[in-house]
Amino acid sequence: MPEPLRGRGVVTGRASGPALVCTAPVSGWGGIDPRTGVIVESRHPQHGQSVAGTVLVLPGAKGSSGWSGQFHLAKLQGTAPVAVVFTRMNSKLALGLAVLRVPAVTGLAAATIRTGDMVDVDGTAGTVTIREKG
Amino acid sequence: VQLTDTDKRMLTGEQGPAVAAALELLVSYGELMGAERLIDTDNVCGANIFGPRHARVLGTTDPAALFSRFSLDLDSTVDVPAFRARSCQLIGPRDRDQWGLQGIAPDDAAAMDDSERYLAEKGVDLLSTCTPYQVGNVPRFGEHCAWMESSAVVYINAVLGARTNTEGRESSAASMLTGRTPYCGYHLDEHRRATHLIEVRHPVITTEDWNILGYWVGERVQDAVPVLTGPGLTDPAAAPTPVRLKQFGAAAASSGDIEMYHLPGVTPEARTVAEALGGRRPAAVSVFDAAARAETAESLCRTATDGDVDFVMIGCPHASLEQIREVARLVEGRRVADSTALWVFTPRALRTVAERSGYVTAIEKAGGRVLSDTCPAIGQFLPPGTRVFATDSAKQAHYLPAIMGVQGWFGSVRTCVTAALEGRWPDA
């Protein structure tokens, strides 16, 4: 196994999936379509890509206060990410994570993760392992 | 998170499963936010009227089930007692009276009435607007609140000096039930001080200018706290009215994540730039000049290519009386183009006054409509056949193209009304 990236776990548990690396903060309401998980914000650099089933790597959450509500809808429709790796915490992301209840890690050098890499997230140990380059 | 004895009793279910779930959610959310404790709040605004978008996912329109699953994040339906905190319903999915215009089926409208009645039984004030501060919910200076709605959050933090984080549906519902909120973020002095300096060199005078400045500041600063100063703000005609501050904050919270700002001489928490910065140097300085204004104005119309306008939307955040009056005067004695719809959105309480003032009649005689309780972005509706819309709001221009897949033009109320009368965007 490759050496894991070490950070700080903020929501415990383990999950694996293909990474979606967002290069700008993500909006919830008005940012993703909860029926498909697709990023719909027209100027977002990852516009048109889907968060569904991914390990969502993002700088943070932004925009409307409907962030948690939109990801909550996504969770109930099976289009939510399976884990979250983030840089900056704020109230939108904190509540979103409390509702999503998926493993989450912060404080690591996420720049080596590329979209499509298969990654393992361990929110208990605070690690992310790139199992297979995409 | 350190809990009081009262918190602990709520958590262990002394007041039933709904209150226990609410307190549990506040604890896990507070832990993620780094809160050391919870504090009392008696002013909570949330969004708990559920329409078909939520009902379809659960396969039920039962308001108790929808509240338990979506507002409390529970897997089953629980009994919910009357809310402990003073609570207010924000903007929702439909106009209580004119839902037919939105294309809503009667069964769905009846289900949303049930959802609303459920909240009324719990003691919620049904203000049903994104701007409760325009219709009687005006938090006092320093009051700890728990509000959703990014445009209202930035307004009460910056303009009124109240204290709230940007809550979501689940956390605001939890605060309604418990009267508690995590003590962190914008409840604390240290997070309310400015970190970024914005030097406004280009004159900012009209409401359109304030929309554009807000949109630019949000992009620049993202989630930091800006303090604004400079010669562009010193024109006596530029004094920001409540409407301009409403549009500015809404725009800044759309392109970015601004929840607090300082305008020394206008907003109450800092009289000078130095005071706003709390004696520290700004982490960054940005200059708003003619080029920044031009680029931002252009970017607000980035989705628009067709000059023919199908729909003109005024009132995001919900229009004030002066905004409705301006529309009424511009359309008086004229007709909206056959191919175009003109819809104005305002809080229900202000609509009543607008009716009495003759503004609603003037707008309706011209072929326009005045709606309340909702908006096209929140309710996800448009006049049939809309491909291109125009709006006086940077926030709506930001969100509606993403949510509804339409093209959007942005301009002043006057330009938008001209587009409605002529069926075409003037500069296209």
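Convention: sequence-line order gives letters A, B, ...; per-chain numbering from 1.
For CD of A:Q77, the number of neighbouring non-hydrogen atoms (other residues, nucleotides, ligands) closer than 6.0 Å is greater than 12. The environment of A:R14 atom CZ is sparse: at most 12 non-hydrogen atoms of other residues, nucleotides or ligands sit within 6.0 angstrom. Residue B:R302 qualifies as enclosed at atom CZ: its count of foreign heavy atoms under 6.0 Å is above 12.
Rounding to the nearest 0.5 angstrom, the gap separating the CD atom in B:E167 from the OG atom in A:S65 is 9.5 Å. A distance of 6.0 Å separates CG of B:L25 from CG of A:L95, quoted to the nearest 0.5 Å. The CZ atom of A:R43 lies 4.0 Å from the CD atom of B:E219; values are rounded to the nearest 0.5 Å.
Nearest heavy atom pair, residue B:I403 against residue A:G30, reads CG1-CA, 3.6 Å. The minimum heavy-atom distance between A:P25 and B:Q222, with the atom names listed, is CG-OE1, 4.2 Å. The shortest non-hydrogen separation linking A:A61 to B:D257 is O-OD2, 3.4 Å. The two residues A:S64 and B:Y399 make their nearest non-hydrogen contact at N-OH, 3.1 Å. When all heavy atoms of A:S68 and B:G168 are compared, the closest pair comes out as OG-CA, 3.9 Å. What you find for B:S255 and A:K62 is that their closest heavy atoms are O-NZ, 3.5 Å.
A salt bridge is defined here as a Lys NZ or Arg NE, NH1 or NH2 lying under 4.0 Å from an Asp or Glu carboxylate O, and A:K92 with B:D223 fails to meet this definition.
In this structure, the portion of B:S299 lying under 4.5 Å from any heavy atom of chain A is its side chain and not its backbone. Contacts between B:T303 and chain A at a heavy-atom distance below 4.5 Å involve the side chain alone, from C-beta outward. For B:A377, the parts lying near chain A are the backbone and the side chain together; criterion is any non-hydrogen pair under 4.5 Å. Neither the backbone nor the side chain of A:A104 comes within less than 4.5 Å of any heavy atom in chain B. For A:R101, the part lying under 4.5 angstrom from a heavy atom of chain B is the side chain only. With a 4.5 angstrom heavy-atom cutoff, B:I378 touches chain A via backbone and side-chain atoms both.
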Exercise. Are B:L58 and A:L76 close enough, and set up right, to give a side chain to side chain contact (heavy atoms under 4.5 Å, CB included), and what steps lead you there?
Worked result: CA-CA 8 Å; B:L58 286 197; A:L76 293 180; 4.3 Å; yes

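Among A:A98, A:G96, A:A94, the residue with the largest count of heavy-atom pairs under 4.5 Å with chain B is A:A94. Heavy-atom pairs under 4.5 Å with chain B peak, among A:H47, A:R35, A:E41, at A:E41. Between chain A and the residues B:T166, B:V153, B:D73, B:V57, the most heavy-atom pairs under 4.5 angstrom are made by B:D73. Each of A:G60, A:G63, A:G69 has some count of heavy-atom pairs under 4.5 Å with chain B, and the biggest count is that of A:G63. Contact count versus chain A (heavy atoms, under 4.5 Å) is highest, among B:E170, B:R169, B:R53, B:M404, for B:E170.
By the 4.5 Å heavy-atom criterion applied to side chains, B:R69 and A:H72 are not counted as neighbours. Two residues are said to be in side-chain contact when any heavy atoms from C-beta on lie closer than 4.5 Å; B:H54 and A:L73 meet this criterion.
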